[in-house]
Number of protein chains: 2
Amino acid sequence: MEAKPNIQDVAKLADVSIATVSRVINNQGGVRRVTEERILKAIEELGYIRSAAARTMKRKETNTIGVIVPDIKNPFFPLVMAGIEQKAREKEFFTILSSTNESPKVEEEIVKNFIERGVDGVIITTANENGDHLKLLHEQGIPVVAVDRSIKKFEVDTVLVDNKKGSYQAVQHLILQGHEKIAIICGPQSTTPGLERFLGYKKALEDYNIELDERYVIHGDFGEQSGIESTKKLFELDDQPTAIFSSNNLMTIGCMKALDELNWKLGSEVSFIGFDEVDIATFLNPKLSVVARPMNAIGEIAFQLLHERISFKGALPKREYLLSPELKIRESCRLASQPM
Amino acid sequence: MEAKPNIQDVAKLADVSIATVSRVINNQGGVRRVTEERILKAIEELGYIRSAAARTMKRKETNTIGVIVPDIKNPFFPLVMAGIEQKAREKEFFTILSSTNESPKVEEEIVKNFIERGVDGVIITTANENGDHLKLLHEQGIPVVAVDRSIKKFEVDTVLVDNKKGSYQAVQHLILQGHEKIAIICGPQSTTPGLERFLGYKKALEDYNIELDERYVIHGDFGEQSGIESTKKLFELDDQPTAIFSSNNLMTIGCMKALDELNWKLGSEVSFIGFDEVDIATFLNPKLSVVARPMNAIGEIAFQLLHERISFKGALPKREYLLSPELKIRESCRLASQPM
DNA sequence: GTGAAAGCGCTAACAG
DNA sequence: CTGTTAGCGCTTTCAC
């Protein structure tokens, strides 16, 4: 376990100067074939690997982007992440990922750490859309792309899914099936997705002249547990809804667990649509209808935008991608009039 | 968007030397109260953040660990990752994550990159248990902890789940229900989990004097698609098995999809147990029995082991944790004799 | 308590 | 083609 070899050691062994070694390890050309081979051999022999730290100090760039997500356990994010990584690897960029557990405080630490490490850019689904804690990034001129949740305080490129449209379509579908008592399990109204999905719900009801009934609007927190609790509240209502719209994947799962526990019959007694695809959707009976998002594409586009900013340096206008979600009709929405 | 401030700028503004600034940002004490406050104010004003690169060059440590997983889309890994991150944060360590897509080549790149960046240690579920490509880590004396899959070439701390025991128990349960025609959908036999889960299956059959029937041993690759295909092969057999054991979560999902498509009735026509918990388990009818692993604990222990190595530096013996999986009996295994 | 100065390992100008 | 050299921003002796 000898000391790590450095460029000096390589130069000495290959009997050249460190400048020549540097040329070789950076593929800059202009080195005689034999010399290069001698150096390569020395590198191999020593097991030399260049220090990113030293390199970064000179170059002021790391070829690394940071990705910040609120909850790595939510399957949505690994899928987005996969899209990001794939594109990043193509451009020879490296990705580092951290999860905030929805804590703005942790998020701030992570941001600071990313800056310390000199990331060239960051892709973030923030735990605090206000964005105060991102001031640092902005000050340092580090490009940021917001995914899934926008950032109020600063102008940053954004890739969102049309949440409002998605939930509108879902609720519209329910209405066209004859439902009027349609409940929504909301996400936090302080987040873009939480708010917009509620707005889509509201708009659909308005367009079809159905009065919004506050009892049918339950506030969850995007977690599985709150899906369970929300569903129970709905069940306990004197005037139960005939359909439920859940604002995200985890709450959908919670909702299904509650339905099962309460013996509230999916499809026949209560129709359902959820935002976001879930693994369980096609295994339930009836199969779940959902609003699906193109996770992989979201990640790819996010990296694309970020990469353009990193490369161009110059002023680019703020770009905003709005991807369309897809309503997947399966079996969990029955005609309201249908006999039970 | 001015240039990033450095320690010089801070020193100048606070009218002290850079040495004093350094003392303050590292909380080394020995600085007069007023001086310190002046410096802190300057830091605040400038929005100064110290460069990790420069720091690393001196200190030779990064307080960062690298985590390498084969497939971030497999829900097992985010869960393990969550355990790692949690413990790491407690010790003020930072975590960087990369996914190899099961490619040893990509894995090697990642390893090299991690070394370049000077990670203090790495936690890895390798795509190639042989471990040749980890030679570099070994040479540089960087501590490694293997998770879920061991590494042949070098002695490294390892945290595994007792795969053999888990699958033994699963198959035993099937046998005790009266099944004799028990099929297994294997994972790659080149991986520890793939092999051991097969060995547990084999052992159980032996112990109960059931001859192993090659037709019932199907080779999958741990992916969902191969779960589908394997199940179809089983279905097409003249002498269909009465029970199936699936070696991992994704293949379980594939298997369920195939069962549904083939209209092969789970529970009544064919019993089932899968290795690893899956979201869909409790939503299927009948509910799926599974062998569950403690993902969060795996991550926590892995970090623990790694951290000890990083701190102690001295020689520690190779440690090997073997966690017990838990057989969760639900409803997908019926008595073989039971009328259909 | 504080400052001056010596590098850490590398890249990039400049010289030859 | 190849070598010399000046930093990059920081930590850490060693003085004072």
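Within every chain, numbering begins at 1; the chains are lettered A, B, ... in the order of the sequence lines, protein sequences first and strands thereafter.
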From [atom1] of [X] over to [atom2] of [N], roughly how many Å is that when rounded to an integer?
X      : N       : atom1 : atom2 : value
N6(B)  : dT11(D) : CG    : P     : 12 Å
Q28(A) : dC14(C) : CD    : C1'   : 15 Å
E61(B) : dC8(C)  : CD    : C1'   : 14 Å
R59(B) : dG9(D)  : CZ    : P     : 19 Å
Q8(B)  : dC10(D) : CD    : C1'   : 10 Å
M57(B) : dG9(D)  : CE    : P     : 12 Å
K12(A) : dG3(D)  : NZ    : C1'   : 16 Å
R55(A) : dC10(D) : CZ    : P     : 20 Å

Using a heavy-atom cut-off of 4.0 Å across all strands, would you classify [X] as base, sugar-phosphate, or nothing?
X       : answer
T35(A)  : sugar-phosphate
I25(B)  : sugar-phosphate
E116(A) : nothing

Quiz item: Can you check whether S17(A) has a side-chain N or O nearer than 4.0 Å to OP1 or OP2 of dT2(D)?
Solution: no
Quiz item: Given dC10(C), is OP1 or OP2 found less than 4.0 Å from the side-chain N or O atoms of S51(A)?
Solution: no
Quiz prompt | Out of dT11(D), dC10(C), dG9(D), whichever nucleotide has its closest atom nearest the side chain of A54(B) | solution = dG9(D)
Quiz prompt | Candidate nucleotides dT11(C), dG3(D), dC10(D), ranked by approach to the side chain of V16(A) - the nearest | solution = dG3(D)
Quiz item: So, does the side chain of R23(A) form a donor-acceptor pair with the base of dG3(D) at under 3.5 Å?
Solution: yes
Quiz item: Got a donor-acceptor pair under 3.5 Å from the side chain of K58(B) to the base of dG9(D)?
Solution: no
Quiz prompt | First encountered from the 5' end of DNA chain D, between S22(B) and K60(A) | solution = K60(A)
Exercise. Could you pick out which residue, G30(B) or I18(A), lies toward the 5' side of DNA chain C when each is mapped onto its nearest nucleotide?
Key: G30(B)
Run the salt-bridge test on [X] and [Y] with the 4.0 Å N-O cut-off and return the result as yes or no.
X       : Y       : result
E116(B) : R55(A)  : no
E36(A)  : R33(A)  : no
K112(B) : E108(B) : no
E308(B) : K87(B)  : no
R309(A) : E155(A) : no

